[in-house]
Amino acid sequence: MAPRKNAKGGGGNSNSSSSSSSGSGSSSGGSSSPGARRDTKHGGHKNGRKGGLPGSSFFTWFMVIALLGVWTSVAVVWFDLIDYEEVLGKLGVYDADGDGDFDVDDAKVLLGLKERSAPKPTVPPEEPEPYPWLEELVPEGAGSQHIEDEVQEEIHSPLHETVYTEHDFQQEEDGPAGEQQPEDDFLVGSDADDRFEPLEAGTLQEESIEPVIDDEKRYHDADDITYQDYDQQVYEPSENEGIETSDNAVEDSHRILEKVRVPPTEEQQEIPPETNRKTDDPEQKEKVKKKKPKLLNKFDKTIKAELDAAEKLRKRGKIEEAVAAFEGLVRKYPQSPRARYGRAQCEDDLAEKRRSNDVLRRAIETYQEVSSLPDVPADLVKLSLKRRSERQQFLGHMRGSLVTLQKLVHLFPDDTSLKNDLGVGYLLIGDNDNAKKVYEEVLNVTPHDGFAKVHYGFILKAQNKIAESIPYLKEGIESGDPGTDDGRFYFHLGDAMQRVGNKEAYKWYELGHKRGHFASVWQRSLYNVNGLKAQPWWTPKETGYTELVKSLERNWKLIRDEGLSVMDEAKGLFLPEDENLREKGDWSQFTLWQQGRKNENACKGAPKTCSLLDKFPETTGCRRGQIKYSVMHPGTHVWPHTGPTNCRLRMHLGLVIPKEGCKIRCANETKTWEEGKVLIFDDSFEHEVWQDASSFRLIFIVDVWHPELTPQQRRSLPAI
C-alpha cells in the first residue's frame, strides 16, 4: 500500500527523483532520498506542498457527510416533514403475510422468494359463532393497522353472509364452546331500545316477536330463520363428546338460531356450509373490495394519532383499555364520528368477551349515534348501520333490524347489496311477499345477481311454485356469488327437482355433501351434532330404549282406543299436515307433546296415553321432537323428505294398519307397519310414505333423543 500511496501522492517528481537517485548512488544525510520521501507522512512533502488528496481529507469529508445526515434526520422528525404513518399505510397494501405492515417478509413474497402465507381470518367483534361463538379477538401482540386500513370487507361484504353465516344455521360443533361464562343473564325483551324514527309513513317499527312453534315447517319454509342471544350457557364437553353450543332452556320469547356443521368424512375436506367457496378466488375478492373505505372526516384526520392509539389497543385485544380510550375521545371530541364508531366497536367486542346482552344493546345504540352525527363519511354511515342491523338480528330484534335496513336502502338506493340485505330482513320476519318484491327489483337491475336468484327461487319454492323455483336456485348456486353456497339452497333445489321428476336432484345432493352441507346424500338434516351414530333403521336394543318400546307395545290397544276417540272431525283435534310434504291425499295429526312441552289440553283427550308417557323423559323431554297420532287416508303420497336434525330417532307404533298398500321407505330400504309393533328409524335420512290401501292408517309417533347424546347435551340443545 505504501508504494501505491507514494505513486499517487508524489506524482511525476517522485518518479524522476527515483531515477536520479538510482544513478548517482546514495545521497548525504541532509538530502531527501526516495526512501525518505516514501516514509513522509501521508505521501506529502516536507516543504508543505500538496502533492495530492491527503488521507485526512477522506476522514474529514466522511464526518461532514455523517453529520449532515444526522442533522437532516433531526430536521425531518422535528419539523414533521414526512408523514411516516401515511407512508406505512400506503405500504400496507403490499402486506403479503397479513401481519398489518410491510416488512422484509412481505418483500420476499412479492419477489417470489417466499410463499404467501395463508391470511389470518379477520373476525368482526361479536359472539355466534359462532355462537354461538364464532368470532375471536385479535390476539395480544398482533400488529395494529392504520385506521384507514380497516378491513375493506366490512364495508363491501354483503350483510346476507352474516345472516346465513351467523344467524341462520347455528353451528353445532364437537369441540368446547369456550370457557367464558355470561357476565349477566339478561333476557331479550322489548325492542324499544333499538327504535328510531321511521323513514317514511308506514315504515315498520320494532316490536317484540313471539316465536312460532311449528316443528319442521320452520325448517322447510322460507321464513324459518330464528335467532339466539348471549344468554346461553356453555357446556364444555369431554374430549370425545360431540356437542353443540346452545341454550339451557328455551323461553317462550325466544327462537333459537343455529348454524350447521356436518361431520367430515375421510375422503372429504370439511368446508363450512355457509361460506362461499369462490371467495378464496383473488378475482372474486377483488370484486368485493371495490374501493378503500373512507372512515375519517376532516376533523378526525386532525386527531388521527389519538384515534390510531386507541384503535391499536382494540386490535391487540385490550378491550377494557380500548373502551376507556375511546370513551375519553368521545368526551373530548363529542362530534367525532370515528371516535364514536370506535367506542361502538369496543362495546361490541366487550359484549362478546363478557357474553352480555346488556353491553351489546349499548353497542347497538352507539352504532346508531354514529350515523346521526354531522359530517359523517358515507362509508362510515354504511358500516355503522350494517353492523347495527347484524347485531339487532343477533338479539332477535328482527323488526328493528328491518328498520335499519330500510334506512340504509333509503340512504344508498343504488347499492343492490343493501337491497339484498333488505330482502333477507323481510324473510326474517316471515314477510315473503315484500322479500319477493325486493328481489324482483334487484333482478330487474342486475339480472345475474346470484344472491338475489337463490333467495327468489327459495321464496318461489315456499309458495309451492316448484318448477319456477328450479332455474333461480340452480343458476344462483352456479354463480358462486357470496352467500349462495348455502346448504338450504342445495336442499330446496334437490327437493324441487325430485318433485318434478328431475333425476339431477341427487347430483345436487351429492355436491352439497361434497361441499360440507350434508352428512351424506341420504342424510340431509341441517341441525346436527357431530359424531353421532348414523344409520337409517334401528332396533330397540340399539337405541337402549327397550323399556319404552315394551311399554308402547304392551299398551298399544289403550293408545289406539284413545286415538280413535279423538278422530271425530267435529272435535277438530286432528289437524291437516301443513308442511307441504304431500303430493296428494289426506294426512292429519294430533299432537300431545311438542318440543318437550306437554299440550295439557290435548292430553285431556288421551289422558291414559299421556300418563303412560310421563314415565319416559327420553321422549317427553326431547325438545327436538314430538309425540303425536298420525292418520293417513287412502290415496296419499308423502314426498321424499328429511327431518331437521340428527339428534333424534323416530318411533312408529302401528295402531290401525290395513293389510296391504301402506309402506315407508327410509334411505334405500322399505318396510311396512304392524299393529302393536314399533318401527324405529332416523328421520334425518330421506324417507317417503305411500298409502294406497282401501281404509285409513293410524300410527302413534314417538320421538326420542339420539342415544349417544349426553345428559348435558339433552338439557342444553336448543329446541326444534
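Along the sequence shown, residues are numbered consecutively beginning with 1. What you are looking at is a predicted structure, and each value in this text was computed from that prediction instead of being measured.
- Closest approach of Asp449 to Leu443, counting heavy atoms only: O-CD2, 3.9 Å.
- From Lys312, atom NZ reaches atom CZ of Arg316 across 4.0 Å, with rounding to the nearest 0.5 Å.
- Between the side chain of Lys382 and the main chain of Phe412, no donor-acceptor pair closer than 3.5 Å is present.
- Not a single donor-acceptor pair under 3.5 Å links the side chain of His397 to the backbone N or O of Gln393.
- In this structure, Glu347 and Phe326 have side chains that are not in contact, with every pair of non-hydrogen atoms separated by 4.5 Å or more.
- With values rounded to the nearest 0.5 angstrom, Asn528 atom CG is found 7.5 Å from Asn530 atom CG.
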Given the rule in the side-chain contact (heavy atoms from CB on, under 4.5 Å) test, do Arg387 and Gln345 qualify, once you have shown the distances and angles that lead to the verdict?
CA-CA 9 Å; Arg387 186 61 177 169; Gln345 286 184 303; over 6 Å; no
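- Sorted by first and then second residue, the ring pair (Phe, Tyr, Trp, His ring centres under 6.0 Å) pairs with a member in residues 343-362 form an empty list; sequence neighbours excluded.
- Side-chain atoms of Thr484 and Asp481 include no donor-acceptor pair closer than 3.5 Å.
- The two residues Val359 and Ser356 make their nearest non-hydrogen contact at N-OG, 3.1 Å.
- Looking at every heavy atom in both residues, Leu473 comes nearest to Phe489 through CD2-CD2, 4.2 Å.
- Put simply, the side chain of Arg624 gets close to the backbone of Pro718: a donor and an acceptor are under 3.5 Å apart.
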Apply side-chain contact (heavy atoms from CB on, under 4.5 Å) to residues Val438 and Val409 and explain how you reach the verdict.
CA-CA 11 Å; Val438 169; Val409 170; over 6 Å; no
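- Residues Leu380 and Ser384 meet the side-chain proximity criterion, which asks for heavy atoms closer than 4.5 Å.
- In this structure, Asp300 and Pro337 approach most closely via the heavy-atom pair OD2-CD, 3.3 Å.
- No side-chain donor-acceptor contact under 3.5 Å links Asp348 to the backbone of Ala344.
- Rounding to the nearest 0.5 angstrom, the gap separating the CD atom in Gln406 from the CG atom in Leu385 is 12.5 Å.
- Annotation: side chain of Ile720 is not in contact with side chain of Arg623 (no heavy-atom distance under 4.5 Å).
- For the pair Arg388 and Thr366, the minimum side-chain heavy-atom distance is 4.5 Å or more.
- Heavy-atom minimum distance, Ser479 versus Gly476: OG-O, 2.6 Å.
- Between Glu390 and Lys386, no side-chain nitrogen of the basic residue sits less than 4.0 Å from a carboxylate oxygen of the acidic one, so the salt-bridge criterion is not met.
- Val454 has its side chain out of reach of Tyr472: every pair of non-hydrogen atoms, C-beta onward, lies at least 4.5 Å apart.
- Counting only heavy atoms from C-beta outward, the side chains of Glu306 and Lys332 approach each other to under 4.5 Å.
- Side chains of Arg340 and Tyr367: a donor-acceptor N/O pair is absent below 3.5 angstrom, by distance only.
- For the atom pair CG of Asp308 and CG of Leu313, the computed distance is 11.0 Å after rounding to the nearest 0.5 Å.
- With Glu311 as reference, Arg338 is the one residue of Lys318, Arg338, Lys304 to meet the salt bridge (Lys or Arg N to Asp or Glu O under 4.0 Å) rule.
- From His492, atom NE2 reaches atom CD1 of Ile477 across 11.0 Å, with rounding to the nearest 0.5 Å.
- Side chains of Tyr426 and Asp433: a donor-acceptor N/O pair is absent below 3.5 angstrom, by distance only.
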Between Asp486 and His517, is the side-chain hydrogen bond (donor to acceptor under 3.5 Å, both in side chains) condition met? List the steps.
CA-CA 7 Å; Asp486 186 307; His517 302 303; 6.0 Å; no
Output, in order, the C-alpha distance, side-chain angles, deciding distance and verdict of side-chain contact (heavy atoms from CB on, under 4.5 Å) for Tyr439 and Asn420.
CA-CA 7 Å; Tyr439 291 123; Asn420 280 335; 3.4 Å; yes
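- Remark: the backbone N or O of Lys294 is paired with a side-chain donor or acceptor of Asp379 at under 3.5 angstrom.
- Scanning both residues, Ile429 and Arg399, for their nearest heavy atoms gives CD1-NH1, 3.7 Å.
- Taking 4.5 Å as the limit, some side-chain heavy atom of Asn432 sits within range of a side-chain heavy atom of Leu427.
- Defined by atom type and a distance below 3.5 Å, a donor-acceptor pair is present between the side-chain atoms of Ser401 and Ser389.
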Under the side-chain contact (heavy atoms from CB on, under 4.5 Å) criterion, do Leu526 and Thr645 qualify, and how do the steps go?
CA-CA 6 Å; Leu526 294 176; Thr645 179; over 6 Å; no
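- To the nearest 0.5 Å, atoms OG (Ser417) and CZ (Phe451) are separated by 9.5 Å.
- Residues passing the ring pair (Phe, Tyr, Trp, His ring centres under 6.0 Å) test with Phe299 are Tyr333, sequence neighbours excluded.
- Sequence neighbours left out, the pairs with a member in residues 320-329 that pass side-chain hydrogen bond (donor to acceptor under 3.5 Å, both in side chains) are Glu320-Lys353.
- Side chains of Asp421 and Leu408 form no contact here, defined as non-hydrogen atoms less than 4.5 Å apart.
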